[in-house]
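Throughout, protein chains are lettered first and strands after them, A, B, ... in sequence-line order, and every chain is numbered starting at 1. Computed over heavy atoms, backbone and side chain alike; hydrogens, waters and symmetry mates excluded.
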2 protein chains.
Amino acid sequence: MQMITIQSDAIFQALADETRLRIIRLKIVMGDESCLCELVDSLLEPSYKLSRHLKILRQAGLLSSQKEGRWVYHRLVTKPAYLEQLYATVQALPDSNGIYHADLKRFRDRLRLREGGRCQVGIQSEAFKTEAG
Amino acid sequence: MQMITIQSDAIFQALADETRLRIIRLKIVMGDESCLCELVDSLLEPSYKLSRHLKILRQAGLLSSQKEGRWVYHRLVTKPAYLEQLYATVQALPDSNGIYHADLKRFRDRLRLREGGRCQVGIQSEAFKTEAG
DNA sequence: TGCATGGTTGCACTATAGTGCAAGTGTTAT
DNA sequence: ATAACACTTGCACTATAGTGCAACCATGCA
């Protein structure tokens with residue numbers, strides 16, 4: 001089920017949050033799809049928080065999500081064309097405090113844990129592991 | 001007095017509002033500078049509302065403002081370069097309900113009231129005239 | 001000086017958005 | 001079945017954002 005009328009400001013609304021911008025920037029640079037636990041280990045934010053931000057990005061039409069077993073992979077939506085243009089702009093924004101660079105480094109490290117191009121492990125950062133409850 | 005650290009998400013925050021997007025879109029297309037009363041007559045929104053949105057756009061670094069007598073002229077900021085890129089993206093967004101087209105028409109009509117390239121009259125739309133208080 | 005006028009802002013109100021906790025869903029492995 | 005785990009979500013709370021009213025400031029003109 002999709003929205004019929006897409007509000008232009010909803011796209012900017014979606015990017016008007018630092019956590020969501022971090023997610024989008026990561027995915028612009030890396031291009032690849034990624035699951036939630038990889039993002040948790042890259043951004044060092046709790047899974048429930050990222051899960052909700054991912055949902056917002058999905059609803060804004062910037063991400064598409066696909067379930068594979070226990071994992072859910074998210075990827076950037078690139079159509080219509082102005083989205084590509086938007087991503088180029090996002091990529092051109094200054095990394096004022098080096099946060100995107102740090103995210104990217106952790107993300108690259110984390111991707112090495114994949115096997116066959118697919119995530120095989122859960123959250124690695126101790127502080128953000130799901131409490132077995 | 002300017003902010004030292006510019007938050008990237010502040011730019012998107014600034015565009016995450018329909019009224020502000022309408023202002024920016026008008027100015028992207030028309031290029032020219034414009035005063036508040038011209039915007040009131042173009043967007044048909046009360047002056048106090050637009051005045052506040054203009055302030056937010058100014059603080060986000062998207063507009064610069066200059067006072068000339070009783071009028072304050074606002075123009076788009078075009079540096080750094082990614083702002084031009086951003087405006088191109090904004091211009092590419094769909095005009096889902098024709099609102100930008102309508103704004104633009106009223107704006108063009110309103111510009112005809114200028115003399116010597118400068119606004120000489122106040123708010124023309126009856127409903128939004130400042131009540132003489 | 002007085003007043004109309006272009007524009008701004010303090011205040012109160014309301015709506016919305018982000019967060020953490022804890023409980024929940026669905027899938028895989030034992 | 002049972003447990004572990006990747007991910008999601010209902011609830012309560014807090015912070016922030018948008019709005020309208022009315023008062024205000026600043027400029028130009030009679």
If you go through the side-chain atoms of A/R52, does one of them form a donor-acceptor pair with the base of D/dG10 closer than 3.5 Å? yes
d([atom1], [X]; [atom2], [N]) in whole Å:
X: A/L15; N: C/dG18; atom1: CG; atom2: P; value: 12 Å
X: A/Q66; N: D/dA6; atom1: CD; atom2: C1'; value: 16 Å
X: B/D9; N: C/dG18; atom1: CG; atom2: P; value: 11 Å
X: A/L63; N: D/dT8; atom1: CG; atom2: P; value: 12 Å
X: B/E68; N: D/dT27; atom1: CD; atom2: P; value: 13 Å
X: B/K49; N: C/dC13; atom1: NZ; atom2: C1'; value: 16 Å
X: B/L36; N: D/dA26; atom1: CG; atom2: C1'; value: 15 Å
X: A/D41; N: D/dC7; atom1: CG; atom2: C1'; value: 14 Å

Among the candidates [options], find the nucleotide nearest to the side-chain atoms of [X].
X: B/H53; options: C/dG7, D/dG18, D/dC5; value: D/dG18
X: B/W71; options: C/dG18, C/dA22, C/dG7; value: C/dG7
X: B/K67; options: C/dG7, D/dA26, C/dT19; value: D/dA26
X: A/Y48; options: C/dA17, C/dG7, C/dC21; value: C/dC21
X: A/R70; options: C/dT9, C/dA22, C/dT27; value: C/dT27
X: A/R58; options: D/dT8, D/dG20, C/dT9; value: D/dT8
X: B/D17; options: C/dT9, C/dG18, D/dG18; value: D/dG18

Less than 4.0 angstrom from a charged side-chain N to a carboxylate O is my criterion; do B/E45 and B/R22 meet it? yes
Categorize B/V40 for me: base, sugar-phosphate, or nothing, with a 4.0 angstrom heavy-atom threshold over every strand shown. nothing
Just call it for A/C119: base, sugar-phosphate, or nothing, with non-hydrogen atoms closer than 4.0 Å on any strand. nothing
Along DNA chain C (nearest heavy atom to each residue), the more 5'-positioned of A/Q13 and B/C37: B/C37
Result of checking B/R75, B/R114, B/R118, B/K27 against B/D32 for salt bridge (Lys or Arg N to Asp or Glu O under 4.0 Å): B/R114
A/Y82 with B/L15, same ILVMFWY side-chain cluster at under 4.5 Å: yes
What about B/V77 and B/I28, same hydrophobic cluster or not, with Ile/Leu/Val/Met/Phe/Trp/Tyr joined at side-chain heavy-atom distances under 4.5 Å? yes
Evaluate B/E84 against B/K79 for side chain to side chain contact (heavy atoms under 4.5 Å, CB included), listing each step before the verdict. CA-CA 7 Å; B/E84 294 272 21; B/K79 288 192 302 187; over 6 Å; no
